[in-house]
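To keep things clear, I will list the structure first and then write my remarks on it.
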Amino acid sequence: MDAETVLARLAALRAQDAPTHGGRLLSYVYDSGRDDLDDLAAAAIRAMQPVNGLDPTAFRSVAVLERELLDFAREVFHAGPDVAGTATSGGTESCLLAVKTARDSWRQRGGTGRPRLVAPTTVHAAFRKAAALLDLELDLVPVDPATGRVAAGTLAARFAPDVALAVVSAPSYPFAALDPVAEVAAAAQTAGVDLHVDACIGGFALAFWPDEGAPPQPWDFAVPGVTSLSADLHKYGYAPKGISVLLQRGLDRQRRQWFATSSWPGYPVVNATLLGSKSAGPLAAAWAIAAVLGADGFDELTAAMARSTARIVEAARAIDGIAVVGSPTGPMVALAADEGDPARRVDPHLWADAMRAQGFVVQGQPASAQPDGSRLPATAHLTITPVTERVLDEFLAAMAAAADSVRGMPHLDGSVLAAGLLGGADPSALAALDADTAFGLLGAAGLLEPTALHAMAPVLALVEALPPPVVERLLVELLASALDR
Ligand SMILES: Cc1ncc(COP(=O)(O)O)c(C=O)c1O
């Protein structure tokens, strides 16, 4: 193929993607609405295209950009000179490295055996991944199902010498709940437990939030006892994907994040991050955007999001049958059904599918069980961005129309389909399914049809009804088989 044909194919493939710009996709993308920032990011990436971020001694530009970006983050999150930072490839990498650092400093303090990671059930899945990869026991603490918020005392009650790290969110992804950072930090400090604030999604928005709706308490390094904090520039820093920062209190503590080896026959490897060779493009793009925006630019974009969020919350509360979960802090909202009157309730998953028919893509989140047996509700998640304001009137009208179209319809029950799929088999055996059997089950559930993922409510119902290990195995097969079948 010649270059023109290749690029035409790329354009055709991209045209099938969810819309990244214009405020119609309310998850995954963070559209500032400013073309100049997109152009700036593209130019910065182009300038760094051949560079290898692996070695900042060979590519001095990388060290300068990273240092300046970290200085900006330190200022934004009230970090003093005792806070060291790293630019990473994204939220998950920042979270993994926070857990690795805490685990290794716990070991260095004399901890032996398998340490615990204590966190609310709403903590981002990246910490479940970190616990699995780094071999920590994940100790999940139930949140209040009505607010999505963990009680500081419940979390602190788990603190003991085997806890390597506690994590709280500012705010949490599922319910936009700001955990009680200061109270947990005070208890963590007393117990000698490290505390990570996961501000991956909210950090760069909360830091610039106007007074109304802003966190009433400090939640960053202004709080003694916070030992690390992650915040993603590829979310509310409006940079292309591939850039987050991890800040850690205590230079010696932070050095445990690093990996170095000089004893293999090749070049000495000294990395603060998980990757070896890496792109410096997203770093340069984030650096450029932060420099051009400055605090005033962030203030302006955040004010637009705050206005949109307030109007969306107000509109949702006014819609018969819909309930807003808790008090959203930052530019996200979770909507659940108002369970008062079955004839009036608006099921969030059916509503999310109905929103698609109205031209907006919103994410459904399954109901889930907490360790104490309580249940977190099925919800629809809205990620609000600066550009939301441009389509706000249309969005509010769509919210109401979608609710009207599904009001009174019951939440889909996936148990019949789930029982059919399980066929009386032991779920623990199904979690270890071979690829062919798993693929067969996906087909039987209708999930291989090209249109299956257009209506998410049935898929979410199945996720709710099947045991998590079985769903997880099937979802792995769904994504893997798209690449090899
Ligand atoms: C609170 C929180 N932490 C961590 C992550 C993981 O970030 P990433 O998808 O960049 O790996 C997210 C992503 O949405 C998040 O919301």
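When a ligand or atom number is given, it counts from 1 through the structure's own listing order.
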Ligand 1-proximal atoms of His234, by part, heavy-atom distance under 4.0 Å:
side chain
Would Phe221 and Phe77 count as a close aromatic pair, with their ring centres under 6.0 Å?
no
Using 30° and 60° as the class limits, which term best fits the ring planes of Tyr236 and Tyr30: parallel, tilted or perpendicular?
perpendicular
Could you tell me whether some N/O pair between Thr92 and ligand 1 is separated by less than 3.5 angstrom?
yes
Evaluate the ring planes of Phe360 and Phe395, with Trp represented by its six-membered ring, and classify them as parallel (under 30°), tilted (30 to 60°) or perpendicular (over 60°).
perpendicular
Whether Arg74 and Asp71 form a salt bridge (side-chain N of Lys/Arg under 4.0 Å from carboxylate O of Asp/Glu) is what I want to check.
yes
For Asp232, the ligand 1 atoms with a heavy-atom partner under 4.0 Å come out as 7 (O), 10 (O)
Contacts table for residues 323-334: side-chain donor-acceptor under 3.5 angstrom, sequence neighbours left out:
residue	atom	partner	partner atom	Å
Thr329	OG1	Ser327	O	3.3

Could you say whether the N/O atoms of Cys200 and ligand 1 ever approach to under 3.5 Å?
no
May I ask you to identify the nearest protein heavy atom to atom 7 (O) of ligand 1, giving residue, atom name and distance to one decimal place in Å?
Lys235 NZ, 2.9 Å
Atom 6 (C) of ligand 1 sits nearest the protein heavy atom His124 CE1, 3.4 Å
Residue, atom name and distance, where the atom is the protein heavy atom closest to atom 2 (C) of ligand 1
Asp198 OD2, 3.4 Å
Name the atoms and distances for all side-chain donor-acceptor pairs under 3.5 Å in residues 169-184, with sequence neighbours left out.
residue	atom	partner	partner atom	Å
Ser172	OG	Ala177	N	3.2
Tyr173	OH	Gln363	OE1	2.5
Asp179	OD2	Ser169	N	2.9

